[in-house]
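Have a look at this one before I ask anything.
These values consider heavy atoms only, across backbone and side chains, with no hydrogens, waters or symmetry-generated copies.
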Amino acid sequence: MKILCCGEALIDMIPEATTSGEAGYVPFSGGSVFNTAVALGRLGVDVGMLAGISNDLFGEQLAAALSDSHVHTSCLIRSDRPTTLAFVRLRDGHATYTFYDENSAGRMIAPEDLPDLPDDVQCLYFGGISLINPPAADTLLALAEREAAHRTIMLDPNIRPGFVDDEAGYRARLSRMIAVADVVKVSDDDLEWLFPDDARPEAIEGPDVVILTRGSDGAAIRRADGAEITVEAPTANVVDTVGAGDTFNAGFLSEADALGLLTKGAFADASPDALRQCLDHAAKVAAVTVSRAGANPPWRHEL
């Protein structure tokens with residue numbers, strides 16, 4: 001596999017009307033890193049996932065969903081701990097979350113649980129709530145620091161402030177992740193949380209490429225040399241934004257794969273045209289996801 005997505009796989013409990021007229025919750029496979037893995041698989045990329053997955057009924061659902069979207073599951077870490085649940089509230093098409101994650105299969109992975117990585121993995125992708133709480137957060141940080149010398153690292157923190165108990169520890173962990181990352185993608189909201197006094201892409205120092213997404217205002221890339229590339233957001237009939245950023249990341253990485261940019265150091269030498277092509281593709285893929293309910297990334301033939 002070329003890309004290994006490392007992080008959370010969980011169940012999104014999505015509100016839907018029941019036959020009685022009262023609201024109920026339907027379990028959908030999700031998680032920020034899980035969504036990116038699924039989107040990459042559907043786009044035809046050779047991708048796998050590294051995550052703590054329960055042996056319970058929800059864990060079986062998650063593993064099956066990965067396989068159904070052509071994601072390799074050989075790096076999953078299985079246990080009898082429960083699956084993380086994220087109850088979703090939708091208001092005006094925007095999602096907020098309440099997480100139930102104590103002692104979960106994903107939360108409790110330790111360094112000794114990590115499998116040996118296949119030699120053909122060129123890129124490790126990290127992000128989401130898996131970087132917030134130890135021990136899993138520290139395990140994933142250790143993995144990134146161990147592999148950064150010879151594999152490309154992409155990070156999307158996808159920050160959920162309401163889920164952060166130890167803000168100082170989380171900020172320190174993200175700083176170390178950024179220090180070893182080749183590509184960092186942040187939203188406007190992420191940037192404002194990370195750098196409340198200086199919410200600019202240039203505040204993120206170290207990566208070869210920093211991507212800033214601005215919702216309907218499009219996206220931009222800032223290279224380490226200060227050059228900036230921008231693209232407009234495609235017109236889309238927005239149903240909701242669940243999984244939009246995750247799918248954007250998959251679109252970016254899939255085009256980077258097609259252009260041969262996944263090898264270590266390739267982003268440092270990438271041309272503006274190549275980076276713009278990656279951004280354009282990312283925006284195009286994300287536009288499909290926001291046009292339908294839930295995190296439902298497109299297949300390659302739908303683009």
Hey, are the side chains of Leu62 and Leu76 touching, using non-hydrogen atoms and a 4.5 Å cut-off?
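Heavy-atom side-chain distance check fails, nothing below 4.5 Å.
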
Inter-residue atom distance Arg146.CZ - Leu114.CG, 0.5 Å rounding:
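It comes to 6.0 Å.
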
Within the 4.5 Å heavy-atom criterion, are Val186 and Leu194 side-chain neighbours or not?
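Of all side-chain heavy-atom pairs linking Leu194 with Val186, at least one is under 4.5 Å.
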
Counting only N and O atoms by type, is there a donor-acceptor contact under 3.5 Å from the side chain of Asp56 to the main-chain atoms of Phe58?
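At least one qualifying donor-acceptor pair exists.
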
Of the non-hydrogen atoms in Ser32 and Asn158, which two are nearest, and what is the gap between them?
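Answer, listing the atom of Ser32 first, then Asn158: OG-ND2, 3.0 Å.
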
Evaluate the side-chain proximity of Leu131 to Leu141: yes if any heavy-atom separation is below 4.5 Å, no if none is.
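The answer is no, as the side chains (C-beta and beyond) never meet within the 4.5 Å cut-off.
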
Roughly how far, to the nearest 0.5 Å, is CG of Asp280 from CG of Leu275?
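Taking CG in Leu275 and CG in Asp280, the distance rounds to 11.0 Å.
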
If you round to the nearest 0.5 Å, how far is OG of Ser29 from CD1 of Ile11?
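Taking CD1 in Ile11 and OG in Ser29, the distance rounds to 4.5 Å.
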
Criterion side-chain contact (heavy atoms from CB on, under 4.5 Å) against Asp156, the qualifying member of Asp190, Thr36, Val33
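Exactly one option meets the side-chain contact (heavy atoms from CB on, under 4.5 Å) with Asp156, and it is Asp190.
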
A quick test of your reading: do over 12 heavy atoms of other residues, nucleotides or ligands sit less than 6.0 Å from CZ of Arg78?
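Above 12, so yes.
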
Less than 4.5 Å apart, side chain to side chain, heavy atoms only: is that true for Lys185 and Tyr125?
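No, side chains not in contact.
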
Establish whether Phe267 and Val231 are linked, either directly or via other cluster members, by ILVMFWY side-chain heavy-atom contacts under 4.5 Å.
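Yes, same cluster.
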
Under 3.5 Å, side chain of Arg223 to main-chain N/O of Glu228, donor-acceptor pair present?
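A pair under 3.5 Å: no.
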
Distance (rounded to the nearest 0.5 Å) between Thr84 OG1 and Glu102 CD
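Reported value, rounded in 0.5 Å steps: 9.5 Å.
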
Determine, for Trp193 and Arg160, whether the Lys NZ or Arg CZ falls below 6.0 Å from the six-membered ring centre while staying within 45 degrees of the axis.
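No, Arg160 does not sit over the ring of Trp193.
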
Nearest heavy-atom neighbours spanning Leu140 and Cys6
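The pair with the smallest heavy-atom distance is CD2-CB, 4.1 Å.
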
Exam field: side chain Asp182 to backbone Pro207, donor-acceptor pair closer than 3.5 Å
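No.
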
Mind checking whether Leu50 and Leu143 have side chains closer than 4.5 Å, heavy atoms only?
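In contact.
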
Enclosure of Glu302 CD (heavy-atom neighbours >12, cutoff 6.0 Å):
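More than 12 heavy atoms, drawn from other residues, nucleotides or ligands, come within 6.0 Å of this atom.
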
Between Ser254 and Leu43, what is the shortest heavy-atom contact and its length?
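It is OG-CD1, 3.6 Å.
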
Any side-chain to backbone donor/acceptor pair from Thr152 onto Leu262? Under 3.5 Å, distance only.
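The answer is yes, because a donor-acceptor pair under 3.5 Å joins these two groups.
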
Do the side chains of Phe248 and Ile153 join up, straight or via other hydrophobic residues, at under 4.5 Å, putting them in one cluster?
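The answer is no; the residues belong to distinct hydrophobic clusters.
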
Between the side chains of Glu147 and Lys264, is the shortest nitrogen-to-carboxylate-oxygen separation below 4.0 Å, so that they form an ion pair?
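No, this pair does not count.
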
Could you walk me through whether Met1 and Ser74 pass the side chain to side chain contact (heavy atoms under 4.5 Å, CB included) check?
CA-CA 10 Å; Met1 70 190 82; Ser74 58; 3.8 Å; yes

Kindly indicate, with the supporting measurements, whether the criterion side chain to side chain contact (heavy atoms under 4.5 Å, CB included) is fulfilled by Trp299 and Ser69.
CA-CA 9 Å; Trp299 295 83; Ser69 291; 4.3 Å; yes

Would you indicate whether Glu60, at its atom CD, is surrounded by more than 12 heavy atoms from other residues, nucleotides or ligands within a distance under 6.0 Å?
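Yes.
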
Under 3.5 Å, is there a donor-acceptor pair between the side chain of Arg107 and the main chain of Pro134?
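Yes, because the side chain of Arg107 sits within donor-acceptor range (under 3.5 Å) of the backbone of Pro134.
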
Specify the closest pair of heavy atoms between Ala203 and Asp198, including all atoms of both residues, with the distance to one decimal.
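Closest approach of Ala203 to Asp198: CB-O, 3.4 Å.
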
How many angstroms lie between atom CG of Leu10 and atom CG of Leu85, to the nearest 0.5 angstrom?
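With rounding to 0.5 Å, CG (Leu10) is 8.0 Å from CG (Leu85).
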
Between CG on residue Asp101 and CD1 on residue Ile129, distance to nearest 0.5 Å:
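Those atoms lie 5.0 Å apart.
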
Relative to each other, are the rings of Phe163 and Phe99 parallel, tilted or perpendicular (30° and 60° limits)?
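Ring orientation, 0 to 90° scale: tilted.
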
Hey, does Asp257 have a side-chain heavy atom less than 4.5 Å from the side chain of Asp46?
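With C-beta onward as the side chain, the pair stays apart.
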
Is it the case that one hydrophobic cluster holds both Leu124 and Phe252, taking links as side-chain heavy atoms less than 4.5 Å apart, direct or via other members?
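The answer is no; the residues belong to distinct hydrophobic clusters.
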
Is a donor on one side and an acceptor on the other found under 3.5 Å between the side chain of Arg292 and the backbone of Pro297?
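Between the backbone of Pro297 and the side chain of Arg292 there is a qualifying donor-acceptor contact (under 3.5 Å).
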
Spell out, yes or no, whether Val183 and Ile221 are grouped together once hydrophobic residues are joined by side-chain heavy atoms under 4.5 Å, including indirect joins.
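Yes, it is one cluster - the side chains of Val183 and Ile221 are joined through contacts under 4.5 Å.
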
Heavy-atom pair of closest approach, residues Ala220 and Thr230
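It is CB-CG2, 3.7 Å.
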
Using modelled atom types and a 3.5 Å cut-off, is there a donor and acceptor pairing between side-chain atoms of Thr263 and backbone atoms of Ala266?
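No; judged by distance alone, with no hydrogens or angles, the pair does not exist.
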
Side chains of Leu261 and Gln122: closer than 4.5 Å at any heavy-atom pair?
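Of all side-chain heavy-atom pairs linking Gln122 with Leu261, none is under 4.5 Å.
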
Kindly work out whether a path of hydrophobic side-chain contacts (I/L/V/M/F/W/Y, heavy atoms less than 4.5 Å apart) joins Val121 to Leu155.
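Both belong to a single hydrophobic cluster.
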
Before you tell me yes or no, could you show the steps for Met177 and Phe126 under side chain to side chain contact (heavy atoms under 4.5 Å, CB included), namely the whole-Å CA-CA distance, both residues' side-chain angles and the distance that decides it to 0.1 Å?
CA-CA 9 Å; Met177 288 290 298; Phe126 296 89; 3.6 Å; yes

Would you please test Asn133 and Arg173 for side chain to side chain donor-acceptor pair (under 3.5 Å) and show each step?
CA-CA 10 Å; Asn133 293 317; Arg173 191 177 300 110; over 6 Å; no

Candidate pair Ile204 and Leu191, rule side chain to side chain contact (heavy atoms under 4.5 Å, CB included), full reasoning
CA-CA 9 Å; Ile204 300 177; Leu191 198 58; 3.9 Å; yes

Quick one: which of Asn103, Asp113, Ile77 gives a side-chain contact (heavy atoms from CB on, under 4.5 Å) with Met108?
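Exactly one candidate clears the test, Asn103.
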
Side chains of Phe34 and Leu66: does their closest heavy-atom pair fall under 4.5 Å?
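Of all side-chain heavy-atom pairs linking Leu66 with Phe34, at least one is under 4.5 Å.
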
Closest approach of Thr139 to Pro111 (non-hydrogen atoms, all atoms of both residues):
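Shortest heavy-atom separation between Thr139 and Pro111 comes out as OG1-CD, 3.3 Å.
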
I'd like to know if Glu255 and Lys284 make a salt bridge, using a cut-off of under 4.0 Å between side-chain N and carboxylate O.
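Result for this pair is no, no salt bridge flagged.
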
Would one find more than 12 heavy atoms of other residues, nucleotides or ligands at under 6.0 Å from atom CZ of Arg300?
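It does not: Arg300 CZ has 12 such atoms or fewer within range.
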
